[in-house]
Amino acid sequence: MTFKKKAMTAAITPVLAVSIFTTSVSAAQFPDVKTSHRAYEAVEAMSKSGIISGFPDGTFKQYQAVTRAESAILIGRALGVKVTTQNAVYSDLPSSSRAYPYVAELMDRGIFSESTRFYPERPLSRSEMAIILTRAFELPASSAMPFNDVSASHGAASYICALAAAGITSGVGDGKYDPNGIVTRGQLAIFLNNALNYEDVPGEDDGEVVDPGTPAPGPGTPGGGETAASIKAEYSDDFADLQAEAKSDLDVLAGQAKAEIASGASLTAVYDKYYPQALQAEQETDAAFEVIYAQLVADLTGAGFNATEAQSFRTQYEAAKKQLREDLIAQILG
């Protein structure tokens, strides 16, 4: 077997997550959102309300980044925005776009800053999310900054303070908010659900309203007593579902590549066609893994445990990649 043939075959392999298999119940609307997932209740509530919807294949893809265009649609629906004819003109958003009427209305309301450009495909950052949610739901101002990674001079500082004071976010753990972090679809579902359920009642305890990065109570804290093992167990479905999704993508690419090789297509042509697709799939799975892994580390450290407790997940992750590449070569060339 030539080196190039081996390289092409290995390149078709999307990254698989850690090998953890558990059985759980799927969300009624989406098979990739399980009852044990942190976003489950929010996704269910937002779906039943008609605010969020899934993809043509029936999945929700909770770990996929939210674009600014998608955020406009979801927030517009949450606010009950009526889709009407608009006269606004954006250089990067045609009037035929599904997001256009929502963007135009939200910009008219001052929820998105007025501009002739919108950057619809840019991923939504946590700073942007704080700004638009605070404006959209008219959250009361607060000067108390609970996060150590947001300076008073930060452009979104006052909005982040308001979001935290309302109990809609508690950060990502270790006293941080991660203002430059990207918001995923599952996270936005949680934030929107929290915002819609927010009531400005003085003195009311809103500690149960949390975002996806809020650490569970650890030893020595109210409601604590969790072990590192129990915290890690909470993530088993997340990793298993990521693995299943990556495996599904892999089977499609591998099957197509094998069929074309069998029909006489040149190795170079097959390589040139599938390598970019495989690389993108690998990068997306890697990114999704890092999101889950970071949340796990935040929960562990927030509960008083060492971050190294999560290392076994990464070790298994790397081992799974190596084994899969070997299996795939045999699968395509067998």
Inset, instruction - Could you tell me which non-hydrogen atom of A144 sits nearest to which non-hydrogen atom of C161, and how far apart they are? - result: O-SG, 3.3 Å

Legend entry - Heavy-atom check, side chain of P94 versus side chain of Y100, under 4.5 Å: no

Inset, instruction - Check the hydrophobic clustering (I, L, V, M, F, W, Y; side-chain heavy atoms under 4.5 Å; chains of links allowed) and say if I182 and V66 are grouped together. - result: no

Legend entry - Inter-residue atom distance I131.CD1 - R126.CZ, 0.5 Å rounding: 13.0 Å

Legend entry - Which residues share a side-chain hydrogen bond (donor to acceptor under 3.5 Å, both in side chains) with S263, sequence neighbours left out: none

Legend entry - Close side-chain approach of L163 and L133, heavy atoms under 4.5 Å: yes

Legend entry - Value rounded to 0.5 Å, distance of CG in N180 from OG in S125: 7.0 Å

Inset, instruction - Nearest 0.5 Å please: distance from the CG atom of D57 over to the CG atom of D32. - result: 7.5 Å

Inset, instruction - Answer yes or no for K61 and F55: cation-pi contact, defined as NZ/CZ to six-membered ring centre under 6.0 Å and angle to ring axis within 45°. - result: yes

Legend entry - side-chain hydrogen bond (donor to acceptor under 3.5 Å, both in side chains) partners of E290, counting only residues at least two apart: R314

Tabulate below the donor-acceptor pairs under 3.5 Å that side-chain atoms of residues 150-160 make, not counting sequence neighbours, or state none.
unit_1	atom_1	unit_2	atom_2	d
S151	OG	S153	OG	3.1
S151	OG	H154	N	3.4
H154	ND1	A156	N	2.9
Y159	OH	R135	NH2	3.4

Legend entry - T308 side chain reached by L300 side chain, heavy atoms, under 4.5 Å: no

Legend entry - Steps toward side chain to side chain contact (heavy atoms under 4.5 Å, CB included) verdict (D178, K176): CA-CA 6 Å; D178 189 20; K176 299 184 183 301; 5.6 Å; no

Inset, instruction - Flag the pair Y40 / K34 as yes when at least one side-chain heavy-atom distance between them is below 4.5 Å, and no otherwise. - result: no

Legend entry - ring pair (Phe, Tyr, Trp, His ring centres under 6.0 Å) partners of residues 103-150, not counting sequence neighbours, each pair once: F112-F118, F147-Y177

Legend entry - Stepwise side chain to side chain contact (heavy atoms under 4.5 Å, CB included) test for L79 and I111: CA-CA 11 Å; L79 295 177; I111 294 173; 3.6 Å; yes

Legend entry - Joint hydrophobic cluster, M145 plus I168, side-chain heavy atoms closer than 4.5 Å: yes

Inset, instruction - State whether the side chain of S97 and the backbone N or O of L93 hold a donor-acceptor pair below 3.5 Å, judged by distance alone. - result: no

Inset, instruction - Would you give the length of the straight line joining atom CE of M46 to atom CD1 of I52, rounded to the nearest 0.5 angstrom? - result: 7.0 Å

Legend entry - Inter- and intrachain pairs under side-chain hydrogen bond (donor to acceptor under 3.5 Å, both in side chains), touching residues 137-146, at least two apart: none

Inset, instruction - Determine the minimum heavy-atom distance between A39 and I190, stating which atoms define it. - result: CA-CD1, 3.7 Å

Inset, instruction - Locate the shortest heavy-atom distance separating A310 from V297; write the atom from each residue and the value. - result: CB-CG2, 3.9 Å

Legend entry - Student check: side-chain heavy atoms of I132 and L106 closer than 4.5 Å: no

Legend entry - Heavy-atom side-chain contact between Q311 and Y293 under 4.5 Å: yes

Legend entry - Reported CE-to-CG distance for the pair M129 and L188, which is rounded to 0.5 angstrom: 7.5 Å

Inset, instruction - Taking R185 for its side chain and Q62 for its backbone only, find out whether a donor-acceptor pair lies under 3.5 Å. - result: no

Inset, instruction - State, to 0.1 Å, how close G58 and P31 come at their nearest heavy-atom pair, and which atoms those are. - result: O-CD, 3.2 Å

Inset, instruction - With the side chain counted from C-beta on, respond yes when T268 and D272 share a heavy-atom pair under 4.5 Å apart, and no when they do not. - result: yes

Inset, instruction - State whether the number of non-hydrogen atoms from other residues, nucleotides or ligands found under 6.0 Å of E41 atom CD is greater than 12. - result: no

Inset, instruction - Compare every heavy atom of R77 with every heavy atom of S53, then report the nearest pair and how far apart it is. - result: OG-NH1, 3.9 Å

Inset, instruction - Working to the nearest 0.5 Å, report the span between CG of N193 and OG of S49. - result: 8.0 Å

Inset, instruction - Report yes if the side chains of T116 and Y90 come closer than 4.5 Å at any heavy-atom pair, otherwise no. - result: no

Legend entry - Worked check of salt bridge (charged side-chain N to carboxylate O under 4.0 Å, His left out) between K273 and E260: CA-CA 11 Å; K273 179 178 180 179; E260 293 191 20; 2.8 Å; yes

Inset, instruction - Could you pull out the closest heavy-atom pair between T184 and Y63, with the gap in Å? - result: CG2-O, 3.7 Å

Inset, instruction - Just grab all the salt bridge (Lys or Arg N to Asp or Glu O under 4.0 Å) pairs involving residues 89-106, residues at least two apart or on different chains. - result: D92-R117, E105-R109

